[in-house]
**Student:** 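There's a structure below that I have some questions on.
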Amino acid sequence: MNSLVQTNAYSLLKACRIMPLASRTKAHWASVEMGPPDPILGVTEAFKRDKNPKKMNLGVGAYRDDTGKPFVLPSVRKAEEQLMAQKLDKEYAGIVGLSEFTKAAVELALGSANPILSEGRNASAQSISGTGALRIGAAFFAKFYPSKTVWFPKPTWGNHNPVFGHAGMSVKQYRYYDPATCGFDAAGCLDDVSKIPEGDVILLHACAHNPTGVDPRQEQWRELCDVIKRRKLYPFFDMAYQGFASGCVDTDAWAVRHFLSEGLPAALCQSFAKNMGLYGERVGAFSIFCDSQEERDRVLSQMKILIRPMYSNPPVHGARIAAAVLTQPELRQAWLSDVKGMADRIIGMRTQLTELLAKEGSKKNWQHIIDQIGMFCFTGLKPEQVERLIKEFSIYLTKDGRISVAGISSNNVAYLAHAIHQVTK
Amino acid sequence: MTSVFSNVQTAPSIEVFALTEQFKKDSNPNKVNLTVGAYRTEECKPWVLPVVKTVEAQLAADDTLDKEYLPVTGLPDFCASAVAVCFGEGHPVLLSQRADGIQALGGTGALRLGYDFLRCILGRDTIYVSKPTWGNHKGIAQQCGYPNVREYRYWLASGRCLDEQGMLEDLTAAPEGSVIVLHGVAHNPTGCDPTPEQWEKILAVIKQRNLFPLIDLAYQGFASGDLDRDGRVPRLFADHNMEFFVAQSFSKNFGLYNERVGNLAIVTQSAEITGRVKSQVRNIIRKTWSNPPSHGARVVATVLRNPALAAEWRENIKRMAERIHITDQIGMFSYTGLSAAQAEYLRTNYAIYIMSDGRINMSGLTSKTVDRVAQAMHEAVTKCSA
C-alpha cells in the first residue's frame, strides 16, 4: 500500500475534524427549495381540521361506500385468501412482471377475441399502476418516437403534465371541455385536433375523463378517430376506469377497441386502482400495439431497458390478486358484479343529487351531473361559490368546481344539494 | 406505411435474466444456476422467511386493513423503522431528525430517486461507480442523464482484494461535488469489502473533496448475519456528520424480492434541510410511480415494530448468512476470477451457469453440487485460456 497516500489520507482526516461542517456543506442544499404544496392534499388537510359534524370531503380520489368508508371488493378479498393458501414464493418477477396478469389485463381491455392478442402483437409490461404505465410510455416515446410532442385534452389529470415533462416530452393541449355547457366541446376538439402536426402523439382518456367526467358519445369518438387517422397522430390511451365508469367493462373499452379496429396503432395505460380497489398495491399495465410480432419483440426489449433503471421489476402482490380475479371464472363474475355495484352507486348519487337540487327549487340546469360519468363531476361552480361551500357548509372540493361523487352518500346527498342551491341561487 | 417504430433496435438482453431463461430451458438434469442474486436453501429452493409467512397470514386475516393509497413518500411506520435498521435505534442522527426515510420500489427504486434528485435538483453531473459494480448502477446514471459516468478503481485482480491505492487516488482526483456510489457491505459482484481502517480513509477523501456519498445497502444483515456489523458504514458516515444518502433494499434480508421494498435514507445537516430534500424527492416520486406499493412495506413495518417478530427476523437472517460459507469475501456473491470464455465453457460443458464476469451466487451452491462445481471450475481454468 502506498504510504504516501496513507499519510495524506490521515492528515486529510485530521483536517476534516477541524473544519466547521456548516461552511463546506452549505453548498449542497442552499438551493433546495421546499417542494410545492399538493392542492388536493390541501383540501384533505383542511377537511381533517374542520370540526363541523356535517363536513364532506369531495376531494377524495378513491371510491367510498355508502357509509363513506374505503371499500375492499369482496372478490378481491376472496382472491387474496386463495393466494395465501397457495404459499407462493417471493422470487423476482421478470422486468415486465407477471405474464398471466398482463395477458389477462390486455384481454380485458381488447376483448379476448382481438387478433392482436393471438398474433402476439402487443408489447405489454406490468406497471406501477396507471402512473407507472404513463411513465414507461412517456419514456419510451421520448426515446423512440419521431415526434416529441404530446397533446392533452384541456383540462386533464394534474399529473399528466409532470410525468410526460419529466420524461422529456413537450406538452400541448387541445380543446375538450366546454364550460358553457359543462359538456364535451366537440367542435372545438375536432377543430384543434385537425390542426395538430402530423405524427404527434395524442393522449386520450378512454372513459370517465378526469377531472371533468365528460366523455364523448360514440359517434363523437368515431369522428375524432377519423381526424386522428387523417392526421396520422399516435393515439395514447389512458384507461384508469374500465368497468368503473358505466358498470360494464366492454362499454368502457369501446373507444380503445374502435380505434384498433380502424387499424390505428395505439399505446394503452391501464390502472386497476379503482376498478379493483387495489389503489395501494399499484397494479397496472402498459402496452404498445405493434404491427408485427417481430416489432413487438424489439419494442418489448427496449421497454425493459427503460424499466430496469427505474425499479428493476414490479411488485407482485396486487398483480397476483388481479390475475386470479380476471382468470378464474367465479372470481371474475363476482368482480364484474362488484365493479357494477360501485358504478351503480356513483350513478345513483348523480341522479339523486340532480333530483334533490330540483326539489330545493334550483332553476339551474344540472343535467351535466347526470351526463358526466365516473368518479368526478365538474359542477360548473365558480371559485367564489366553491369558497362559500367550504366556509359556510364545510363542504370541501377543489377550486375548479370538481367534486368526487365517491364522497357523496345517501346520508349527505340532501345536505350537498341544499348547500349547492344556497350558493348558486 | 412504415411503422414509426421501424428504427427501434433490439436491445441487448440483460445478462442475468437471459442466463436464467437459458437455464430454465436447459434439459441437463445436473444443471446449476449461480447467476441471479436470490437466496437458495440447501435444497436449492427459494425461501420465504418464516417470520414473513407469519405476518402475511396476520395481515390477510385483518379485516380492518384497507387498500388505500399510501402517502407519496410511503408508509410512515416503514420509513421510520427502515432508517432505524440502517443507523441503529436511538442513533443521534435519528433523534435529531437529520435522517429521514422515503419508501421506494426496492433498492433500485431508492437508487433511482437518489440519482434523480442529485441530478435534477442539485445539478450534479458527474457520478462514480466502483470498477466493477452491479450493472444497473451505470444504467440508472445513464437514464438520469448524467453527462459523466466514471469508475473508481476497486478490485485488484492480482491480489484478489481491494485496490486501496487505486480507489483513494481516483476519489482524490474526482471533481468536487461528484456523486460517489459506494457499496455499504457485501460488494456486488466481488464480495470484497474495505476494512474498517480503509473505510476511514475513504471517508476522509470524500470529505476533503466534498464528494457526495450514495451508499447502496442491499445486504444489511444478509452479509454477516449481524445487522449492526453490516450497518457499520452508514453509521460511520453519520458519526462523522457527513451528508449522504443510503439506498436500502429489503429484498434479500427479508426475502421479499418481488414485493419491491426499499428505502431512501436521507441524511443532512438539519431536520429542516432534510424536510426540504424530502419534499423535492416527493415531487420526483409523483412523476415516476405516484406512491409506493403497500404490501411489502406493511410486512416489514409489522415485523420491525414488534420486538418478538423482530427477534425472529434476526434469527432468520442468521440462518441465511450461515448457509453461505465464505472465506475473505462476504455476502451472496463471489468473484471467481473466471473469464467470459471460461464461463461459457462451464455453461456448455457442465450446464453450470455463472455470469460472464465470473460472478457466482454463493447461495446457489449446495452440499450436493459444490464438489462438481469446484471440479468444473478447475477444469475450465485449466483447459480454457482466459
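First the proteins, then the strands, lettered A, B, ... as listed; each starts at 1. Below, all heavy atoms of this structure are taken into account, side chains as well, without hydrogens, waters or symmetry copies. Being a predicted model, the structure only gives us computed values, none of them experimental.
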**Student:** What is the distance from atom NZ of B:Lys45 to atom CG of A:Asp89, rounded to the nearest 0.5 Å?
**Tutor:**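 Going from the NZ atom of B:Lys45 to the CG atom of A:Asp89 covers 11.0 Å.
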
**Student:** When rounded to the nearest 0.5 angstrom, what is the spacing between OG1 in B:Thr288 and CD1 in A:Ile136?
**Tutor:**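 CD1 of A:Ile136 is found 11.5 Å from OG1 of B:Thr288.
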
**Student:** State plainly whether the residues B:Glu68 and A:Arg64 are in salt-bridge range, i.e. N to O under 4.0 Å.
**Tutor:**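 Yes.
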
**Student:** Taking B:Val8 as the fixed residue, which of A:Lys143, A:Met303, A:Arg298 is the one that meets the side chain to side chain contact (heavy atoms under 4.5 Å, CB included) rule?
**Tutor:**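 Running side chain to side chain contact (heavy atoms under 4.5 Å, CB included) over A:Lys143, A:Met303, A:Arg298 with B:Val8 returns exactly one hit, A:Arg298.
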
**Student:** So which of B:Pro292, B:Ala104, B:Gly275 has the largest heavy-atom pair count under 4.5 angstrom toward chain A?
**Tutor:**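 Highest number of heavy-atom pairs under 4.5 Å: B:Pro292.
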
**Student:** Measuring heavy-atom distances to chain A, does B:Leu65 have an atom under 4.5 Å in its side chain, in its backbone, in both, or in neither?
**Tutor:**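 Contact with chain A involves the backbone of B:Leu65 alone.
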
**Student:** To the nearest 0.5 Å, what is the distance between CZ (B:Phe5) and CZ (A:Phe140)?
**Tutor:**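 So the gap between those two atoms works out to 5.0 Å.
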
**Student:** Under the 3.5 angstrom rule, does the side chain of A:Arg135 hit a backbone N or O of B:Lys287 as a donor-acceptor pair?
**Tutor:**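 Side chain of A:Arg135 to backbone of B:Lys287: a pair is present.
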
**Student:** Set out, in order, the CA-CA distance, both residues' side-chain angles and the distance that settles side-chain contact (heavy atoms from CB on, under 4.5 Å) for B:Arg260 and A:Tyr92, then state yes or no.
**Tutor:** CA-CA 9 Å; B:Arg260 317 311 294 127; A:Tyr92 288 121; 3.7 Å; yes

**Student:** Would you give the length of the straight line joining atom CD of A:Glu91 to atom OG1 of B:Thr20, rounded to the nearest 0.5 angstrom?
**Tutor:**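 Result: 10.0 Å between the selected atoms.
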
**Student:** Using heavy-atom distances under 4.5 Å, tell me whether B:Tyr69 contacts chain A through its side chain, its backbone, both, or neither.
**Tutor:**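 Answer is both: backbone and side chain atoms of B:Tyr69 are under 4.5 Å from chain A.
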
**Student:** What distance do A:Ile305 atom CD1 and B:Gln9 atom CD have between them, rounded to the nearest 0.5 Å?
**Tutor:**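 Between A:Ile305 CD1 and B:Gln9 CD, I get 12.5 Å after rounding to 0.5 Å.
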
**Student:** Find the distance between NZ (B:Lys53) and CE (A:Met84) and round it off to the nearest 0.5 Å.
**Tutor:**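 So the NZ of B:Lys53 and the CE of A:Met84 are separated by 9.5 Å.
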
**Student:** A:Asp297 vs B:Thr10, test: side-chain contact (heavy atoms from CB on, under 4.5 Å). Steps then yes/no.
**Tutor:** CA-CA 7 Å; A:Asp297 292 343; B:Thr10 303; over 6 Å; no

**Student:** Under 4.5 Å from any heavy atom of chain B, what part of A:Glu80 do you find: side chain, backbone, both or neither?
**Tutor:**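 A:Glu80 touches chain B through side-chain heavy atoms alone.
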
**Student:** With a 4.5 angstrom heavy-atom cut-off, is it the side chain or the backbone of A:Val283 that approaches chain B, or both, or neither?
**Tutor:**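 For A:Val283, no heavy atom lies under 4.5 Å from chain B.
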
**Student:** What option among A:Lys304, A:Lys87, A:Glu81, A:Arg77 has the most heavy-atom pairs under 4.5 Å with chain B?
**Tutor:**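 Answer, by heavy-atom pair count under 4.5 Å with chain B: A:Arg77.
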
**Student:** Tell me, for A:Ala273 versus chain B, whether the close heavy atoms (under 4.5 Å) come from the side chain, the backbone, both or neither.
**Tutor:**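 The side chain, not the backbone.
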
**Student:** Considering only heavy atoms, which portion of B:Cys120 lies under 4.5 Å from any heavy atom of chain A: side chain, backbone, both, or neither?
**Tutor:**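 The answer is the side chain of B:Cys120.
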
**Student:** Chain A heavy atoms under 4.5 Å from B:Arg40: which part of the residue, side chain, backbone, both or neither?
**Tutor:**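 Side chain only.
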
**Student:** So which of A:Val76, A:Val72, A:Asn159 has the largest heavy-atom pair count under 4.5 angstrom toward chain B?
**Tutor:**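 That would be A:Asn159.
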
**Student:** Tell me, side chain or backbone of A:Glu295 under 4.5 Å from chain B's heavy atoms, or both, or neither?
**Tutor:**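 The answer is the side chain of A:Glu295.
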
**Student:** When only pairs under 4.5 Å are counted, which of B:Ile140, B:Asn258, B:Val281, B:Asp163 shares the most heavy-atom pairs with chain A?
**Tutor:**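 Heavy-atom pairs under 4.5 Å are most numerous for B:Asn258.
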
**Student:** At a heavy-atom distance under 4.5 Å, which candidate from B:Leu70, B:Asp66, B:Asn291 has the highest pair count against chain A?
**Tutor:**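 Max contact count across the listed options: B:Asn291.
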
**Student:** Which answer fits A:Phe164, side chain, backbone, both or neither, if we ask what part of it has an atom under 4.5 Å from a heavy atom of chain B?
**Tutor:**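 A:Phe164 has no heavy atom closer than 4.5 Å to chain B.
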
**Student:** Identify which part of A:Pro70 has an atom lying under 4.5 Å from any heavy atom of chain B, answering side chain, backbone, both or neither.
**Tutor:**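 Contact with chain B is through both the backbone and side chain of A:Pro70.
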
**Student:** With only heavy atoms counted, which part of A:Leu83 is less than 4.5 Å from chain B, the side chain, the backbone, both or neither?
**Tutor:**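 Contact with chain B: none, neither part.
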
**Student:** Any residues in residues 308-318 of chain A near chain B, with a heavy-atom distance under 4.5 Å, and which are they?
**Tutor:**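 Only A:Arg308, A:Pro309, A:Met310, A:Tyr311, A:Ser312, A:Asn313, A:Pro314, A:Pro315, A:Val316, A:His317 of residues 308-318 of chain A have a heavy atom under 4.5 Å from chain B.
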
**Student:** Where on B:Ala57 is there a heavy atom nearer than 4.5 Å to chain A: the side chain, the backbone, both, or neither?
**Tutor:**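 The answer is both parts of B:Ala57.
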
**Student:** Can you tell which part of B:Ser6 gets under 4.5 Å to a heavy atom of chain A, answering side chain, backbone, both or neither?
**Tutor:**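 When you check distances to chain A, only backbone atoms of B:Ser6 fall under 4.5 Å.
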
**Student:** Quick check on side chain to side chain contact (heavy atoms under 4.5 Å, CB included): which of A:Tyr145, A:Phe144, A:Phe141 does B:Val4 satisfy it with?
**Tutor:**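 Single pass found, and it is A:Tyr145.
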
**Student:** Just do the side-chain contact (heavy atoms from CB on, under 4.5 Å) check on B:Asp116 and A:His166 with the steps written out, would you?
**Tutor:** CA-CA 10 Å; B:Asp116 256 334; A:His166 191 68; 3.9 Å; yes

**Student:** Check the surroundings of atom NZ in A:Lys69: do more than 12 heavy atoms from other residues, nucleotides or ligands lie under 6.0 Å from it?
**Tutor:**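 No, NZ of A:Lys69 has 12 or fewer neighbouring heavy atoms, counting only those of other groups under 6.0 Å.
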
**Student:** Who wins among A:Thr131, A:Ile95, A:Leu278 for the most heavy-atom pairs under 4.5 Å with chain B?
**Tutor:**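 Result: the option with the highest number of such pairs is A:Thr131.
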
**Student:** Between B:Gly107, B:Ser290, B:Gly296, which shows the greatest number of heavy-atom pairs under 4.5 Å with chain A?
**Tutor:**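 Of the candidates given, the most pairs with chain A belong to B:Ser290.
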
**Student:** Quick check for you: among B:Pro46, B:Gly106, B:Pro12, which has the greatest number of heavy-atom pairs under 4.5 Å with chain A?
**Tutor:**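 Most heavy-atom pairs within the cutoff with chain A belong to B:Pro46.
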
**Student:** Flag yes if more than 12 heavy atoms outside B:Lys138 fall under 6.0 Å of its NZ atom; otherwise flag no.
**Tutor:**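 Not more than 12 within 6.0 Å, no.
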
**Student:** Quick one: do B:Glu56 and A:Lys90 make a salt bridge, cutoff under 4.0 Å?
**Tutor:**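 Yes, charged N to carboxylate O under 4.0 Å.
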
